[in-house]
Structures are given as structure tokens and as C-alpha cells.
Amino acid sequence: MDESSPENRVSLSKSPEAAAPVALRASDADRDRIAEILREALAEGRLTAEEHAERVGAAYEAKTVGELEPLVRDLPVGARHAAAPAPARPYDASVRPAVSEAESLVAVFAGATRKGRWRPRPRTNIFALFGGVDIDLTEAVFEQREIVVNVNCVFGGVEIKVPENVSVHGAGAGVFGTFDVRTSESPDPDAPVVVVRGTAVFGSVEAKTKRGKRLKNLRKSLG
């Protein structure tokens, strides 16, 4: 066989090295980017609630980039998804080395809870399908200035409680559901910030400060 023929040149170009990127391990940022594309597709009517729930669940379970790509292959992906915009102020400037991996809470026809004295990761991904998730940060040990909670709730409920001396920001949407994040600013400019974002489809997401509950030793907890 003539290795210089057009047919053979095409086959040789499809080397294992060319296909290697799809086998790369997916990062938390990769999963978040896909979840955001799916959220916008749901809001635009490109996906049904059932399709959205199925794809988001698959996104947070994906191990490689190759598993993520098919989830958005039939959706328009704008340049705005290529990189996340930089925050207006450096809330995420950690004073201690941050834990790189995220924590995922999945509640499918069940419940999941995080409360008491625990250490939240820089990012927490929540997927609730016909289930409930309760996150209580009032006694948590904050090791980063910003904690991001990504929520995808379908026919379920998610409740997030935050100490009253911690700032709360939110960005999300309710589709036949409620996405209620009560924004609040701590009087301390160096206080931690909890950012809640995501989608509630036929469900409810609520994040609010809990009166009378304050993060103790605020300065000490951040280092």
C-alpha cells in the first residue's frame, strides 16, 4: 500500500495523540462550564426539564472531557463560555492554600445534609432530583474568602443557611420553581462570601442568613 496516498494520509492523521484530549480528566471548572451551558439552554427552551436534569446529572458524574462534550454537542456554545469573567473584587483571594477539589452532594429520591462544624470546599456542587439538600454554614470553618455553591434542583428542594456576619450573593433562575437567594453584605469587608448560583426546575432553592447565628472567631478562621 502506498503510504503517500490521500486515503492513507487521512488515516495516519487520526493518530492516538490527536484523540488524546478527550481522555483528559475533567476538572470542576469543566463540569461547571457545561452545567452553565445546560442551564442557559433550559432557559431558552432548547432543552426540556427532563433533558436538562439528565444531562446535568451526567455532567457532574463525568470523569473525562470526552464524557462532557456529547452533553452540549447539539447546543450553541458562545464565546462567553470560553472563560469565566473575573470577579469585580478578589473575594476568592485565599489566605490559606485552598483544597483543589470540589465536593458534590447528590440527592435523588433521597436527602443530603451538611451541618455542624465542617470545612466547606471552595466549590460545592449540588444536584437534587426528587430529593432535598440542607446545607448549614452557621458553624462551619471557612478557610477561603469565597465559597461557591452550584445548585441544580429538579422537583426537589435545597436550603442553605449562612451566618449573619457572612456576605451572601446569588445568581440563578427558577423555571416553574423558586430560586430565592437573599443577598446580604457583611459590615466586615474581609468577611467570607457565599455565592449561590444555579437553577430550580419545578423545585425550590433558598439561601438566607440565619438571625442570631454568627461565625465565631471570624479573623482566626481565615488565618
Side-chain angles (χ1 to χ4, degrees), residues 26-36 39 56 59-60 83-107 111-128 132-153 156-173 179-200 204-223:
S27 68
D28 294 323
D30 292 329
R31 298 184 187 93
D32 291 345
R33 180 174 59 84
I34 296 300
E36 176 65 15
R39 185 189 69 77
V56 166
Y60 283 120
R89 53 177 288 198
Y91 286 122
D92 58 346
S94 299
V95 293
R96 295 183 184 176
V99 180
S100 58
E101 69 270 17
E103 179 178 13
S104 294
L105 298 178
V106 179
T113 303
R114 286 290 183 275
K115 63 181 180 179
R117 191 168 179 80
W118 62 292
R119 300 176 185 272
R121 305 286 178 84
R123 181 184 291 104
T124 298
N125 300 318
I126 297 174
F127 179 59
V133 177
D134 182 12
I135 293 183
D136 190 337
L137 295 166
T138 58
E139 297 179 13
V141 178
F142 286 76
E143 294 184 326
Q144 289 76 226
R145 287 233 171 89
E146 181 180 85
I147 301 296
V148 178
V149 182
N150 297 309
V151 182
N152 283 279
C153 177
V158 176
E159 184 176 7
I160 302 168
K161 303 181 186 73
V162 183
E164 62 180 359
N165 58 338
V166 171
S167 296
V168 181
H169 296 174
F179 193 94
D180 182 15
V181 177
R182 303 178 190 179
T183 300
S184 65
E185 294 289 345
S186 171
D188 187 339
D190 294 323
V193 178
V194 175
V195 180
V196 182
R197 60 191 185 192
T199 308
S204 67
V205 175
E206 182 181 26
K208 61 182 179 180
T209 57
K210 192 169 182 180
R211 299 301 176 190
K213 291 290 186 177
R214 300 178 62 84
L215 192 65
K216 297 179 181 179
N217 301 320
L218 181 60
R219 301 285 183 181
K220 185 177 178 180
S221 69
L222 285 174

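Within 6.0 Å of NZ in Lys213 there are 12 or fewer heavy atoms belonging to other residues, nucleotides or ligands.
Residues Asp188 and Ser186 have side chains that never bring a donor and an acceptor to within less than 3.5 angstrom of each other.
Closest approach of Val106 and Ala112 over heavy atoms only: O-CB, 4.5 Å. The nearest pair of heavy atoms linking Phe142 to Val194 is CE2-CG2, 4.0 Å. Across all their heavy atoms, Ala200 and Val205 have their closest contact at CB-CG2, 3.8 Å. When all heavy atoms of Val166 and Pro192 are compared, the pair lying nearest together is CG1-O, 3.3 Å.
The structure places OG of Ser184 at 10.0 Å from CG of Asn165, a figure rounded to the nearest 0.5 Å. To the nearest 0.5 Å, atom OG1 of residue Thr209 and atom CZ of residue Arg182 are 8.0 Å apart. Rounding to the nearest 0.5 Å gives a distance of 12.0 Å between OG of Ser167 and CZ of Arg145. Atoms CD1 and NZ, on Ile160 and Lys210 in that order, are 14.0 Å from each other to the nearest 0.5 Å. In this structure, CD1 in Ile126 is found 9.5 Å from OH in Tyr60, a value given to the nearest 0.5 Å.
Counting heavy atoms from C-beta on, the side chains of Asn125 and Asp32 come closer than 4.5 Å. Side-chain contact check for Val196 versus Val162: every heavy-atom pair is 4.5 Å or farther apart. Taking 4.5 Å as the limit, some side-chain heavy atom of Val168 sits within range of a side-chain heavy atom of Val181.
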### Task
Could you check Lys161 against Asp134 for side-chain contact (heavy atoms from CB on, under 4.5 Å), going step by step and ending with a plain yes or no?
CA-CA 8 Å; Lys161 303 181 186 73; Asp134 182 12; 3.0 Å; yes
### Evaluation steps, side-chain contact (heavy atoms from CB on, under 4.5 Å), between Leu137 and Trp118
CA-CA 8 Å; Leu137 295 166; Trp118 62 292; 3.4 Å; yes
### Test side-chain contact (heavy atoms from CB on, under 4.5 Å) applied to Arg123 and Asn150, step by step
CA-CA 8 Å; Arg123 181 184 291 104; Asn150 297 309; 3.5 Å; yes
### Query
Given the rule in the side-chain contact (heavy atoms from CB on, under 4.5 Å) test, do Gln144 and Arg121 qualify, once you have shown the distances and angles that lead to the verdict?
CA-CA 8 Å; Gln144 289 76 226; Arg121 305 286 178 84; over 6 Å; no
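Listed by chain and number, the residues in a salt bridge (charged side-chain N to carboxylate O under 4.0 Å, His left out) with Arg197 amount to none (sequence neighbours excluded).
Classification of Arg117 and Glu139 as a salt-bridged pair fails, no side-chain N sitting under 4.0 Å from a carboxylate O.
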